[in-house]
Amino acid sequence: MTGLVLHNTLTRRKEPFAPLDPGHVRMYVCGPTVYDRAHLGNARPVIVFDVLYRVLKRLYPRVTYARNITDVEDKIIAAAAANKEPIAALTARTEAMYHADMDALGALRPDVEPRATDHVAEMVALIEKLVARGHAYEADGHVLFGVPSMTAYGELSGRSRDEMIAGARVEVAPYKRDPADFVLWKPSTPEQPGWPSPWGRGRPGWHIECSAMSERWLGMPFDIHGGGIDLIFPHHENEIAQTRCAHGIPLMAKVWMHNGFLMVEGEKMSKSLGNFFTVRDMLDQGHAGETLRLVMLQTHYRQPLDWRAEGIARAKETLDRFYLALRGAPVGAAAAEPRAVIEALLDDLNTPSALSALHADLAALNKAATEPERASARARLVAGGALLGLLQAEPEAWLRGTGAAASAGLDDAAIEALIAGRNAARKAKDFKEADRIRAELAAARVIIEDGPKGTTWRRG
RNA sequence: GGCGCGGUGGCAGAGUGGCCAUGCAGGGGACUGCAAAUCCCCGUACGUCGGUUCGAUUCCGGCCCGCGCCUCCA
């Protein structure tokens, strides 16, 4: 018994987490469709489930985290055509950018990142099984899942087939036997990417890849399936239908977790509103990945998150405070994570509460009197931060700043020279000159602090 | 229309049937050449109307407001 409690969308409540195999926890999270840069909304689940991954690794001997890469999809086809480049070139480039951006956010790489195009055979086999069991049928070159064939359809999203049809706003394709049926396989034209199948050359529908890849890499059933709240319906509902019906099992994944929606300045992020930001946009504006990560973790994962410029600035200042304390403390032996941080995370990943606990540890470090006490308080803070994927940078490097923000103004040597000049003035009691130099540094966004051990500086 | 989520102090944001969130901002103090940082102290809250209860921000119901999903959007 570890004490980990997670909110399960299937039951709409928090439940104690008990792995199917206590020796091996298996988690699947829906990954990117690689046709464009990852935006902030894509980044949220990556960070949320990265924290869960860290917590699970801390609690269990073995964790397998799988996150797919969707590299066949109609938006990809359209984007490649617009760029006049081969699909494989687009997906490979986008995947590399995705990795670079998620690495910048401090997200650990999953244990496996299966690509859809590497699992077409498994998808075809799964669809054949569904056809054989009477859950799918071929019509007009498509293979469709027959929703009425599954009585339990709708358990995750809490909507019945009738409700879905009643609310449907989209015209039903004529080849569907039932308006709720969804595509497992669709035909490709000669220009479109396609694979041979019993139903002719074609490509997979959206949902089937996750059914195929989660089974291939995690086995069935597995422990945790995660993604954004907007994936509950139809994506996850349909994944469940496919997997359960293909195998005749009552459960695909034990716990289904969904992170809340991300808004920007109170509005839905969209290209038409001009508030659409990619992770790279933020990094290019000079924000550190760790700052962006903290913004995400300051709100509980199931709550809606309002992304605001104000919040980014505050998160940066918060990290400055932590790193300021870490810089001033001696490095000692590694320590255990603070209990309060762990307990907050065990309670359905309550990261705001964990951060609150981390602030208490920060205060403890600032108050610690002796060097051994300071070393141990520092180690606890770093260990607690590690669970959240924070505070792992070199404090001096963090405080001096990185990238564009650091190189824009005075360089390190110039700053040191000015500080030396100011200290000479201070020694001579020429405080007017000392203050002038301080103002000069401040104008270059350099903050200096006179301490008992001399003057330190950081970029604000 | 159907399904679901949320409305907490100046701001962000946890949480709880009766006692503290936390951070920022603000006020006071210590320290400092002055600052900065740090430490100490302080104020202000639970959309609305009812109900349950000895007691509700916390449970239940109505209402108002905001948001998400409803066939390929994380």
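Computed from a prediction, not measured in an experiment: that's the story for all the values here.
With respect to A:His235, the ring pair (Phe, Tyr, Trp, His ring centres under 6.0 Å) criterion is satisfied by exactly one of A:Phe182, A:Trp256, A:Trp206: A:Trp206.
For A:Arg438 and B:A35, a side-chain-to-base donor-acceptor distance below 3.5 Å is present, hydrogens and geometry of angles not being considered. With hydrogens and angles ignored, a donor-acceptor pair under 3.5 angstrom links the side chain of A:Asp450 to the base of B:C34. One N or O donor and one acceptor, one from the side chain of A:Arg422 and one from the base of B:G33, sit under 3.5 Å apart.
Counting any heavy atom pair closer than 4.0 Å across all strands shown, A:Ala363 reaches sugar-phosphate atoms only and no base atom. Across all strands shown, A:Asn366 has heavy atoms under 4.0 Å from sugar-phosphate atoms exclusively, and none from any base.
A salt bridge between A:Arg244 and A:Glu155 is present, with a side-chain N of the basic residue lying under 4.0 Å from a carboxylate O of the acidic one. Comment: A:Arg436 does not engage A:Asp430 in a salt bridge, judged by the lack of any side-chain N to carboxylate O separation of less than 4.0 angstrom.
Ranked by how close their nearest RNA chain B nucleotide is to the 5' end, A:Leu305 and A:Leu231 are led by A:Leu305. The residue among A:Tyr301 and A:Tyr35 whose nearest nucleotide of RNA chain B is located toward the 5' end is A:Tyr301.
The shortest distance between the side-chain N/O atoms of A:Arg321 and the OP1/OP2 oxygens of B:U38 is below 4.0 Å. OP1 or OP2 of B:G15 has at least one side-chain nitrogen or oxygen of A:Asn350 nearer than 4.0 Å. The side chain of A:Lys268 contributes an N or O atom lying less than 4.0 Å from OP1 or OP2 of B:C69. Distances shorter than 4.0 Å separate some side-chain N or O of A:Lys367 from OP1 or OP2 on B:C40. Distances shorter than 4.0 Å separate none of the side-chain N or O atoms of A:Ser356 from OP1 or OP2 on B:A14.
The aromatic ring of A:Phe431 is stacked on the base of B:G33, with the two ring centres less than 5.5 Å apart and the planes inclined by under 30°.
Across B:U8 and B:A30, the matching C1' atoms stand 33 Å from one another, rounded to whole Å. With both ends at atom P, the span from B:C39 to B:A74 equals 42 Å, rounded to whole Å.
Judged by a 6.0 Å distance limit and a 45° cone about the ring axis, A:Arg177 is positioned over the six-membered ring of A:Tyr137.
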